[in-house]
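These notes concern the structure reproduced below.
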Amino acid sequence: MRKRWWSLTAVTALIAATLVPAAPAMAAPTFKVPFPCGQSWSGQTRSDHSPAYAVDFNRTDDLGDPVVASAPGTVDRVTDLGGTSYGKYVRIDHGGGYSTYYAHLNGFNVSVGQSVGYGKVIGWVGSTGGSTGPHLHYEQRLNGSDIQVRFNGALALYWGTKTYTSNNNCSSGTGSGTVDTAGTPLTVRSGPGTGYGSVGTVTDGTKVTIQCQTSGTTVTGTYGTSSIWDRIGSGRYIADAYVYTGYDGYIPNVPRC
Ligand SMILES: [Zn+2]
C-alpha cells in the first residue's frame, strides 16, 4: 500500500507539473498609426522587405515630419547605426513581449528609459541608414519576431500600399462641419439614410456640430459619393457628402454613432 501510494503521488505530481499552463499571452496593445491625429500616410508592405511585415510610410514632403509613439511604453533603444541598416532608430517596449521600431529617423526626441504615451513625438522622418529617400520604416514585434502590423486591431494590407489615417492621441469629442449644397436647403433625416423621414432642413452655409458619424445610404453630393451620415442632434442626421469637414471619410476624433 505504502509503495503504491508513493507511486501515485509521483504520477500526480508529474501530471500537475505537465499541466501547469504557460504564462498567458498578454493582449496586444492597441497600436495606432505612428503619426499625429488626423494625418493620412501611405503605408507600403512588400514581401521582399526586411523584415517582411515592416511597413514603410510616406507622404508628400515628409522629411522632418514628426513620428509619434504608436502605443504607450518605455523607450528601450535610441540608436544610431550610421549609414547602414536602420540608421537612427527608436525602439519602444510596450510590455507583454510587444515592441515597435521606428527607423531611418532624422533625429531623436526621446531617450532610453523614457515613458511615452500615445502621440508622444519620438523623432522625425528622415533617410538615415540604408535608406534611399525619406520615409518611416515601422515594425511591430512580439518576443523579438516581427509580426503583421495592426492599427486599432485591424490588420494592415499585406501586400500592397494603402492610406492609413491616424487617430493616435485624438481628443475624443465632437467634430464640426459646414453644410455646402450650392443653395438648396439640406434635408435632415431621423436616421442615417434617405429612407428615414424628414425632420427639417439646414440651410446652405450652416455650421453644424457633428456628435458622431455612421454609415447609411450612399449619397452623391458636393463632396463626392459617400455613405457616411453625420448626427447633428438627437434623431437628426445629414448626409456627409454635403458637409465640409476637412476630411475624406470619417473625422478621426469623432466617435461612431
Ligand atoms: Zn522599410
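Atoms within a ligand are numbered from 1 in the order they appear, just like the ligands themselves.
Taking the Zn ion (ligand 1) as the apex, the angle formed with OD1 of D56 and ND1 of H137 is 110°, to the nearest 10 degrees.
Counted by atom type alone, R150 and Q148 present zero donor-acceptor pairs between their side chains at under 3.5 Å.
H49 lies close to the Zn ion (ligand 1), since one of its N, O or S atoms is found at a distance under 2.8 Å. Among the atoms of H104, none of the N, O or S atoms falls under 2.8 Å from the Zn ion (ligand 1).
Remark: R141 is positioned above the aromatic ring of Y101, its terminal NZ or CZ atom under 6.0 angstrom from the ring centre and at most 45 degrees off the axis.
The backbone N or O of G95 sits less than 3.5 Å from a side-chain atom of D93, completing a donor-acceptor pair. A side-chain donor-acceptor contact under 3.5 Å links S166 to the backbone of N168.
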